[in-house]
Amino acid sequence: MDFSALPGADGLWHNLRLMQTDGSVLPGMCLVVREGKLAWIGLEAILPIEHAELPRHDGQGSLATAGLVDCHTHLVYGGQRANEFAMRLEGADYETIARSGGGIVSTVRATRAASEDELYASAAPRLQALLDEGVCAVEIKSGYGLALEHERKQLRVVRRLGLDYGVTVRATFLGAHALPPEYTDRSGGYIDLVCEEMLPALAAEGLVDAVDVFCERIAFSLAETEQVFRTAQSLGLPVKLHAEQLSDMDGAALAARYRALSCDHIEHLSQQGIDAMKAAGTVAVLLPGAYYALRDTHLPPIAALRAAGVPMAVSTDHNPGTSPALSLLLMANMACTLFRLTVPEVLAGITLHAARALGIADTHGALHLGRPANFVLWSLQEPSELAYWFGQRPVHAIVRQGRIATS
Ligand code: NIG
Ligand code: FE
């Protein structure tokens, strides 16, 4: 993919119905793009004269929104795990499979065996699928290498994807995702390696934008999580957490103490965790794909999050084990249907709040003057249709980083 070969989006995008942050729609709107940035937003009827002669792009009455943001993915990995899908159908559960050498560790084997180019080649079409649905910023985690050279390999692929596809990519180091086989029964030794060697080296190479940990009884303890957070803090990197997915580990409260950008999954989140997240401004990232694929029945505490005013984001959590999903709009539908998010909540959850969960809300997740042009024109009548249809791709046009990226 050569992003720089795509046509520039500079010009007057008119005949739009623009979705506002509260989910309402303004007709007769236009967006002016100059040098790849949003230079004017407003009613076509009062377009300033200096923009009147620009090349025109007729939106044909389509609905315009900010580009979507997918704030939690594990997009770069080797192999796939359809065998575990089959095993779960025969009655095995995620924890049992993980404890018996499958799960994350089986993807670690396949990822270690793959070259950087092979990982790139398998991840690229997955990224393209997200982009084709209007995603303009995406987070991609490491965590299937679990050794310096293999985590580096994954993160280098993440950086290359961002450059080649002209999409904002945030790279999250998830070295503390699972215990690699060579450290069996030596969890402390592995966390020392993560903190003393892997994370400092990868951060120094400019490969890390944030740090995540899987805090869970089949992964890492609260104390181990804190050790990683302290290292991240000393390196000036923001943290996130896979928190309370299978059990309440009190991870969210710890993450909030480190001013985490987000706590993700959170099916078993307590009121204490919610209060701590609210106080710290931490975003709750909901992952209905994993909830669905694991046939989980323990709902995240949506009503309590709503009552506390914790911002909620929604993401694909694309990964080969628990969420082989490549549609953020399907996740939006599932967040409404399974978790009972309202339409305005879910629309904020795949735009503004997702951008907050990545620390990029100053450039993504909403349309503002001066920002790089990232927007989507949809062949839809009203915003609720974004969450209503599933299995469709109602895209009319995509402008990503100032270029026309519609496939
Ligand atoms: O977000 N929960 C931990 N990590 C991933 C699953 C990874 C895997 O099973 O490969 C998740 O669901
Ligand atoms: Fe995840």
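Note that the structure is a prediction, hence the values are computed from the model and not measured. Indexing begins at 1, ligand by ligand and atom by atom, following the structure's order. Position 1 is the first residue of the sequence; numbering continues from there.
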Show the atoms of ligand 1 that are less than 4.0 angstrom away from any heavy atom in [X].
| X | result |
| --- | --- |
| His72 | 1 (O) |
| Asn319 | 5 (C), 6 (C), 7 (C), 8 (C), 9 (O), 10 (O), 11 (C), 12 (O) |
| Arg81 | 8 (C), 9 (O), 10 (O) |

Taking atom [atom1] of [X] as the centre, report whether more than 12 heavy atoms of other residues, nucleotides or ligands fall under 6.0 Å from it.
| X | atom1 | result |
| --- | --- | --- |
| Asp22 | CG | yes |
| Glu182 | CD | yes |
| Arg340 | CZ | no |

Problem set entry | Interatomic spacing from CG in Leu246 to CD in Glu95 - rounded to 0.5 Å |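 It is 5.0 Å, given to the nearest 0.5 Å.
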
Exercise. Below 6.0 angstrom between ring centroids: does that apply to His318 and Tyr77?
Worked result: yes

Exercise. With under 30° as parallel and over 60° as perpendicular, where do the rings of His72 and His242 fit, or are they tilted in between?
Worked result: perpendicular

Problem set entry | Thr107, any N or O under 3.5 Å of ligand 1 N or O |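 No, there is no polar N/O contact under 3.5 Å.
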
Can you report which non-hydrogen protein atom sits closest to [atom], along with the distance?
| atom | value |
| --- | --- |
| atom 10 (O) of ligand 1 | Tyr144 OH, 2.6 Å |
| atom 12 (O) of ligand 1 | Thr322 OG1, 2.7 Å |
| atom 4 (N) of ligand 1 | His177 NE2, 2.9 Å |
| atom 2 (N) of ligand 1 | Gln245 OE1, 2.8 Å |
| atom 6 (C) of ligand 1 | Tyr94 OH, 3.4 Å |

For this session: Kindly report the NE2-the Fe ion (ligand 2)-OD1 angle for His72 and Asp317 respectively, rounded to 10°.
Result: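 It rounds to 80°.
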
For this session: Look only at the side chain of His353 and the backbone of Pro311, and say whether a donor-acceptor pair between them is shorter than 3.5 Å.
Result: no

Exercise. For the Fe ion (ligand 2), what is the closest N, O or S atom on His74?
Worked result: NE2

Exercise. Are side-chain heavy atoms of Tyr183 and Leu193 found at a separation under 4.5 Å?
Worked result: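 In short, these two side chains touch, coming nearer than 4.5 Å.
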
Exercise. Just wondering, do Arg259 and Gln233 contact through their side chains at under 4.5 Å, heavy atoms?
Worked result: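 Not touching, per the 4.5 Å side-chain cut-off.
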
For this session: For the Fe ion (ligand 2), decide whether His265 has an N, O or S atom at a distance under 2.8 Å.
Result: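 It does not: His265 brings no N, O or S atom closer than 2.8 Å to the Fe ion (ligand 2).
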
Exercise. With a 4.0 Å cut-off on heavy atoms, does Glu216 reach ligand 1?
Worked result: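 Contact check Glu216 vs ligand 1: negative.
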
